[in-house]
Amino acid sequence: MASATPQTPPGMEDFVVGLIGMGDMGKMYARNLSSAGWRIMACDREEKHDELVKEFAGNNKVEILRNGHLVSRASNYIVYSVEAAAIGRVVAQFGPSTRLGAIVGGQTSCKDPEIKAFEEYLPPDVDIVSCHSLHGPNVDSKGQPLVLIKHRASDESFAKVENVLRCLGSTHVYLTAKEHDRITADTQAVTHAAFLSMGKAWHANKQFPWEGGRYVGGIENVKINLMLRIYAQKWHVYAGLAILNPEAHKQINQFAKSTTELYYLMLEGRADELRERVYAAKEKVFGAEGSPKWASRPLLREDVLDRFSLGQRPPEDSPPLPNNHLSLLAMVDCWSALGIVPYDHMICSTPLFRLWLGVTEHLFRTPGLLDECLRVGIHDNTFRRDDLQFTIAACGWAECVSLRQFETWRERFAVTQKFFEPRFSRAMEVGNAMIKAVLESEKN
Ligand SMILES: NC(=O)C1=CN([C@@H]2O[C@H](COP(=O)(O)OP(=O)(O)OC[C@H]3O[C@@H](n4cnc5c(N)ncnc54)[C@H](OP(=O)(O)O)[C@@H]3O)[C@@H](O)[C@H]2O)C=CC1
Ligand SMILES: O=C(O)C(=O)Cc1ccc(O)cc1
């Protein structure tokens with residue numbers, strides 16, 4: 001039976017794509033690939049079989065099987081979309097059943113354990129081509145980066161994978177597994193550490209930051225919306241890409257160190273040292289006066305972000321309370337200490353990273369804003385308590401990651417997730433609209 005569309009490349013008429021793990025990302029792949037005409041065989045854990053059969057009953061391109069052995073035996077290209085921490089166990093279980101000469105890849109956010117599992121448990125006749133869609137399951141894949149890793153594969157196998165995944169409309173980025181982990185440590189892991197710490201700090205002080213007049217305006221909207229977006233997701237995605245990525249520990253640790261040291265300078269009123277340090281970091285990350293690394297057009301327009309407030313918008317004539325933005329200063333200090341130039345990673349960035357870099361750039365390039373931030377940091381105690389909790393949280397996450405404490409990580413995440421949970425549905429609505437508006441504005 002010819003299974004794919006009339007445009008199916010020659011030799012791929014009966015090609016079957018297998019998906020092991022039908023959570024958020026597996027389902028997103030199943031829907032997109034089947035819409036493009038590819039025949040899919042998929043499974044999750046056996047106990048979810050009947051539920052998945054019902055969910056995909058109307059889709060004659062998707063066949064739900066009982067387990068990964070059945071998927072592996074029947075498919076030409078198998079994608080594992082399971083928790084990063086489970087990849088070794090799951091590949092050990094199903095890898096030996098892989099069809100002779102098939103291609104295998106994974107969608108996990110961190111490639112080191114994935115590739116190790118493939119090398120250890122897949123038969124030698126199997127080719128390995130991994131991938132990573134650099135966006136969440138609810139973001140339109142068109143135009144977003146899709147990393148492709150030709151780890152152990154013929155040109156022919158690699159071309160087949162590209163033929164299948166082309167329907168996502170993403171921009172293909174070709175990397176090795178090591179390059180992938182290095183870049184995502186810089187872009188994802190350390191960015192998440194900042195938002196996870198904000199959530200902990202607001203939780204510790206028992207506040208919903210969008211209530212009350214302290215966190216108002218475009219930069220604050222990004223902080224709040226993205227923090228909520230992260231806490232509304234599954235914990236394992238963020239724990240996995242921080243703890244399992246061998247490249248990420250240094251970054252997360254440096255972020256905690258930068259936060260602590262800048263906080264001390266503010267607390268102790270050491271204005272000159274603070275200024276000197278922040279301006280030196282600015283020059284390293286964003287370039288010297290007259291030869292900036294940022295483009296002539298800013299990454300973000302604050303007025304676009306102003307619209308996406310979870311709280312009431314203040315009257316036009318009341319200026320927002322100035323903030324010292326410890327999280328943003330610490331991010332730039334961290335990039336500077338590690339020699340990271342964030343613009344170098346744009347080809348391989350998530351929407352969340354681009355927003356985070358966008359607000360950071362905004363703070364550092366808008367005349368007067370950085371100086372105001374430094375002034376508040378020294379002379380104004382308004383944010384001191386939140387900054388203390390932010391510092392404690394950043395150190396807590398760093399310690400947890402460096403000790404590879406999955407269970408502690410999960411518990412830290414879960415209590416704060418519970419605190420914000422009543423607001424997630426509204427937050428996702430506003431956050432999705434904000435990301436959509438920013439993605440649209442990136443096109444113009
Ligand atoms: N969410 C995101 O934004 C993105 C995630 N990723 C990565 O993609 C991978 C999947 O993430 P996501 O879909 O969000 O996570 P989910 O938790 O939604 O999906 C993972 C699925 O795999 C299932 N699973 C676990 N073990 C087995 C097994 N032995 N056989 C079959 N299925 C199994 C899980 O079941 P159970 O829950 O019962 O364990 C779960 O349904 C992760 O590695 C993540 O890092 C990549 C890009 C973006
Ligand atoms: O944009 C982000 O960083 C997200 O939070 C969504 C996400 C999570 C995990 C990935 O591997 C890729 C994207």
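Atoms within a ligand are numbered from 1 in the order they appear, just like the ligands themselves. Along the sequence shown, the residues carry numbers beginning at 1.
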* Asked: How does Q233 reach ligand 2, by side chain, by backbone, by both or by neither, if only non-hydrogen atoms under 4.0 Å count?
  -> neither
* Counting both backbone and side chain atoms, is some N or O of S133 under 3.5 Å from an N or O of ligand 1? -> no
* **For atom 6 (N) of ligand 1, closest protein heavy-atom neighbour** => S109 OG, 3.5 Å
* Identify the closest protein heavy atom to atom 19 (O) of ligand 1: which residue and atom is it, and at what distance? -> G23 CA, 3.2 Å
* Counting both backbone and side chain atoms, is some N or O of D24 under 3.5 Å from an N or O of ligand 1? -> yes
* Asked: With only distance considered, is Y238 within less than 3.5 Å of ligand 2 through an N or O on each side?
  -> yes
* To do: Check ligand 2 against L352 and write out every atom of the ligand that is under 4.0 Å from a heavy-atom position of the residue.
  => 1 (O), 2 (C), 3 (O), 4 (C), 5 (O)
* Shortest non-hydrogen contact from F419 toward H203 -> CG-CD2, 3.4 Å
* Asked: Looking at atom 3 (O) of ligand 2, what's its closest protein heavy atom, distance included?
  -> H192 NE2, 2.8 Å
* Using the six-membered ring wherever Trp is involved, compare the ring planes of Y80 and F118 and label them parallel, tilted or perpendicular (cut-offs 30° and 60°). => tilted
* Tell me which protein heavy atom sits closest to atom 41 (O) of ligand 1, plus the residue, atom name and distance to 0.1 Å. => D44 OD2, 2.7 Å
* To do: Using modelled atom types only, decide if a donor and an acceptor are shared between the side chain of E114 and the backbone of T108 within a distance under 3.5 Å.
  => yes
* Which atoms of ligand 2 have any heavy atom of V237 under 4.0 Å away? -> 8 (C), 9 (C)
* **Contact partition for V82 relative to ligand 1, non-hydrogen atoms under 4.0 Å** => both
* Look at the aromatic rings of W409 and W235 and report parallel, tilted or perpendicular, splitting at 30° and 60°. => tilted
* To do: Ignoring hydrogens and angles, state whether a donor on the side chain of E429 or S425 is under 3.5 Å from an acceptor on the partner side chain.
  => no
* Is any NZ, NE, NH1 or NH2 atom of the basic residue among E120 and K116 found under 4.0 Å from an Asp or Glu carboxylate oxygen of the other? -> no
* With heavy atoms under 4.0 Å as the rule, classify the contact between R229 and ligand 2 as side chain, backbone, both or neither. => neither
* Chi angles and distances behind the salt bridge (Lys or Arg N to Asp or Glu O under 4.0 Å) call for E421, K418 -> CA-CA 5 Å; E421 200 161 27; K418 199 164 168 19; 5.6 Å; no
* Asked: Has ligand 1 got any nitrogen or oxygen that is less than 3.5 angstrom from a nitrogen or oxygen of M22?
  -> no
* Which word best sums up how the rings of F413 and Y231 line up, parallel for under 30°, tilted for 30 to 60°, or perpendicular for over 60°? -> parallel
* To do: Starting from the C-alpha separation in whole Å, work towards a yes-or-no answer on side-chain contact (heavy atoms from CB on, under 4.5 Å) for W210 and R423.
  => CA-CA 11 Å; W210 56 92; R423 308 305 171 102; 3.3 Å; yes
* Asked: Within less than 4.0 angstrom of ligand 1, does Q93 place any heavy atom?
  -> yes
* Between S109 and ligand 2, is there a nitrogen or oxygen pair with a distance under 3.5 Å? -> yes
* Structure fact -> among protein heavy atoms, the one nearest atom 6 (C) of ligand 2 is G136 N, 3.9 Å
* Full working for side-chain hydrogen bond (donor to acceptor under 3.5 Å, both in side chains) between N324 and D387 -> CA-CA 9 Å; N324 48 298; D387 286 349; 2.7 Å; yes
* Asked: To the nearest 0.1 Å, how far is atom 10 (C) of ligand 1 from its closest protein heavy atom, and which atom is that?
  -> S81 O, 3.5 Å
* Do any N or O atoms from the side chain of T366 and from the backbone of L363 form a donor-acceptor pair under 3.5 angstrom? -> no
* Asked: Short N/O distance, under 3.5 Å, between H236 and ligand 1?
  -> yes
* Structure fact -> Out of Q107, K234, R229, the nearest non-hydrogen contact to atom 8 (O) of ligand 1 is supplied by Q107
* **From H132, Q188, K234 - option closest to atom 8 (C) of ligand 2 by heavy atom** => Q188
* Any E47 heavy atom less than 4.0 Å from ligand 1 -> no
* Asked: Out of M25, H49, R45, whose heavy atom sits nearest atom 38 (O) of ligand 1?
  -> R45
* Can a non-hydrogen atom of P137 be found less than 4.0 Å from any atom of ligand 1? -> yes
* Hey, is A86 touching ligand 1 through its side chain, its backbone, both or neither, going by heavy atoms under 4.0 Å? -> neither
* Asked: Does H135 have a heavy atom less than 4.0 Å from any atom of ligand 1?
  -> yes
* Given D386, which of T391, N323, N205 fulfils the side-chain hydrogen bond (donor to acceptor under 3.5 Å, both in side chains) condition? -> N205
* What orientation do W38 and F15 show, parallel under 30°, tilted 30 to 60°, or perpendicular over 60°? -> perpendicular
* **S109 side chain to Q188 side chain, donor-acceptor N/O pair below 3.5 angstrom** => no
* Is the shortest distance from a heavy atom of M28 to ligand 1 less than 4.0 Å? -> no
